[in-house]
Number of protein chains: 2
Amino acid sequence: MSSVKPDKQQQHDVFQAIADPTRRSLLQLLVDRELPVTTLTGHFPMSRTAVSKHLRILSEAGLVTERKVGRERRYRLEPEPLLELKRWLAFYDRYWDNKLDALKRLVESDES
Amino acid sequence: MSSVKPDKQQQHDVFQAIADPTRRSLLQLLVDRELPVTTLTGHFPMSRTAVSKHLRILSEAGLVTERKVGRERRYRLEPEPLLELKRWLAFYDRYWDNKLDALKRLVESDES
DNA sequence: CAAAAGCGAAACCATTTGGTTTCATTTTAT
DNA sequence: ATAAAATGAAACCAAATGGTTTCGCTTTTG
């Protein structure tokens, strides 16, 4: 009768994943090339383990994948999930593309 | 000689601001209209104070502004900071726009 | 004027986050 | 066969996050 709490592991989404500057840099570094954790760590003032945990979060969000090569584990950028962000952002395109909207808001707020 | 700790107040950027789903909803609700805190709170299962704190964070990121109207404080969407996100995201456009890049990566990783 | 509405500030709390160090495991190099 | 390299897992910690309740201030309404 083991009643050890179900222990729900909180998944990360793409919005949370890119919220951290270190993780954004990691994505940047992985553009056009696979890199192992140790190499990536060289670019940050923190331990390899910390970088590893950031990679894990990126992985949960689907933004990187890994493949074992010998004793290395090479990480690769997986940009597809960024499309969700792109779509979210596209909603606000009206504010820049459509000058009429700005005018509309101006008129509407002018009720003095 | 007042030596009261500088008290650095951690500013929030646009990446952190949109990381929270409640805050993304708030932005959504403010599209094309100003709304006071109480009205906004009606859309969430949390206290007015909690919503107020989310608005504060959005404000720090420059995503909303407020103006006092009587005893109300009306919040308005300020989409400009989203351009930073847009620019950041644009960097990865190559992955979708340029099919040649996919090929390039494929070839480069084939060094067996 | 007194009550109510609208709101932020403050104090408080549990959980998450971002980091650390230590340890065990797998794979390569001597 | 050992030693070293590469790495994730685990335990731990301080600070940030996301929420609450209480309080006080300003403005409107009756």
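First the proteins, then the strands, lettered A, B, ... as listed; each starts at 1. Keep in mind that this is a model prediction, so the values were computed, not measured.
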Requested in this report: Hey, which sits more toward the 5' end of DNA chain C by its nearest nucleotide, B:Thr39 or A:Pro45?
Outcome: B:Thr39
Report task. Round to a whole Å and report the spacing from CG of A:Leu58 to C1' of D:dG8. Result -> 16 Å
Query raised in the report: Does a nitrogen or oxygen in the side chain of B:Arg56 sit under 4.0 Å from OP1 or OP2 of C:dA9?
Result: yes
Report task. Could you tell me whether A:Asp93 and A:Lys86 make a salt bridge, using a distance below 4.0 angstrom between a side-chain N and a carboxylate O? Result -> no
Report summary line: Rounded to whole Å, CZ of B:Arg67 lies from C1' of C:dC7 at a distance of 16 Å
Query raised in the report: Which is true for B:Tyr75 with a 4.0 Å heavy-atom rule: it touches a base, it touches only sugar-phosphate, or it touches nothing?
Result: sugar-phosphate
Query raised in the report: Within the structure shown, what part of the strands sits under 4.0 Å from B:Thr38 by heavy-atom distance: base, sugar-phosphate, or nothing?
Result: sugar-phosphate
Query raised in the report: Which one, D:dT28, C:dG18, D:dA6, comes nearest to the side chain of A:Ile57?
Result: C:dG18
**Report entry** Contact under 4.0 Å: A:Lys68 side-chain N or O vs C:dT27 OP1/OP2
**Finding:** yes
Query - Heavy-atom check, side chain of A:Arg76 versus side chain of A:Leu30, under 4.5 Å - result: no
Query raised in the report: Nearest 0.5 Å, what's the CZ-OG1 distance between B:Arg74 and B:Thr39?
Result: 9.0 Å
Query raised in the report: Between A:Leu40 (CG) and D:dA6 (C1'), how many Å, whole number?
Result: 13 Å
**Report entry** Nucleotide nearest B:Asp20 when distance is taken to its side chain, options D:dG18, D:dA4, C:dC7
**Finding:** D:dG18
Query raised in the report: D:dA4 phosphate, OP1 or OP2: any side-chain N/O from A:Arg71 under 4.0 angstrom?
Result: no
Query - 5' priority, DNA chain D, between A:Arg73 and A:Lys53 [closest heavy atom] - result: A:Arg73
**Report entry** Pairwise distance CZ(B:Arg73) to CG(B:Leu35) - rounded to 0.5 angstrom
**Finding:** 15.0 Å
Query raised in the report: Rounding to a whole Å, what distance do you find between B:Phe15:CZ and C:dT17:C1'?
Result: 19 Å
Report task. Give a yes/no on whether any side-chain N or O of A:His54 is located under 4.0 angstrom from OP1 or OP2 of C:dG19. Result -> yes
Report task. Take atom CD of B:Glu72 and atom P of D:dT28, then tell me their distance rounded to the nearest Å. Result -> 10 Å
Query - Distance, rounded to the nearest Å, where B:Glu66 contributes CD and C:dG6 contributes C1' - result: 13 Å
Query raised in the report: Counting just side-chain N and O atoms, does B:His12 come under 4.0 Å of either OP1 or OP2 of D:dT17?
Result: yes
Query raised in the report: Choosing from D:dT20, D:dT28, C:dT22, which nucleotide comes nearest the side chain of A:Thr49?
Result: C:dT22
Report summary line: Taken to the nearest whole Å, CG/A:Leu55 to C1'/C:dG19 is 15 Å
Report summary line: Residues at least two apart in sequence or cross-chain that pass salt bridge (charged side-chain N to carboxylate O under 4.0 Å, His left out) with A:Glu84, listed by chain then number, are none
Report summary line: Quick note, A:Arg48 side chain, CB onward, closest among D:dA5, C:dA4, D:dG8 is D:dG8
Requested in this report: May I ask you to evaluate whether A:Ser52 reaches the phosphate of D:dG8, defined as a side-chain N or O under 4.0 Å from OP1 or OP2?
Outcome: yes
**Report entry** Comparing A:Ala50 and A:Val69 on DNA chain C - which has the more 5′ nearest nucleotide
**Finding:** A:Ala50
Query - Nucleotide nearest A:Met46 (side chain, heavy atoms from C-beta), chosen from C:dG8, C:dT20, D:dG19 - result: C:dT20
Query raised in the report: Which nucleotide, C:dT20, D:dA6, D:dT21, lies nearest any side-chain atom of B:Ser47?
Result: D:dT21
Report task. Measure the distance from CD1 on A:Ile18 to C1' on C:dT17 and round it to the nearest whole Å. Result -> 17 Å
Query raised in the report: Closer than 4.0 Å, any side-chain N/O of B:Gln16 to the OP1 or OP2 of D:dT17?
Result: yes
Query raised in the report: When you check the gap from the basic side-chain N to the acidic O, do B:Glu34 and B:Arg67 get nearer than 4.0 Å?
Result: yes
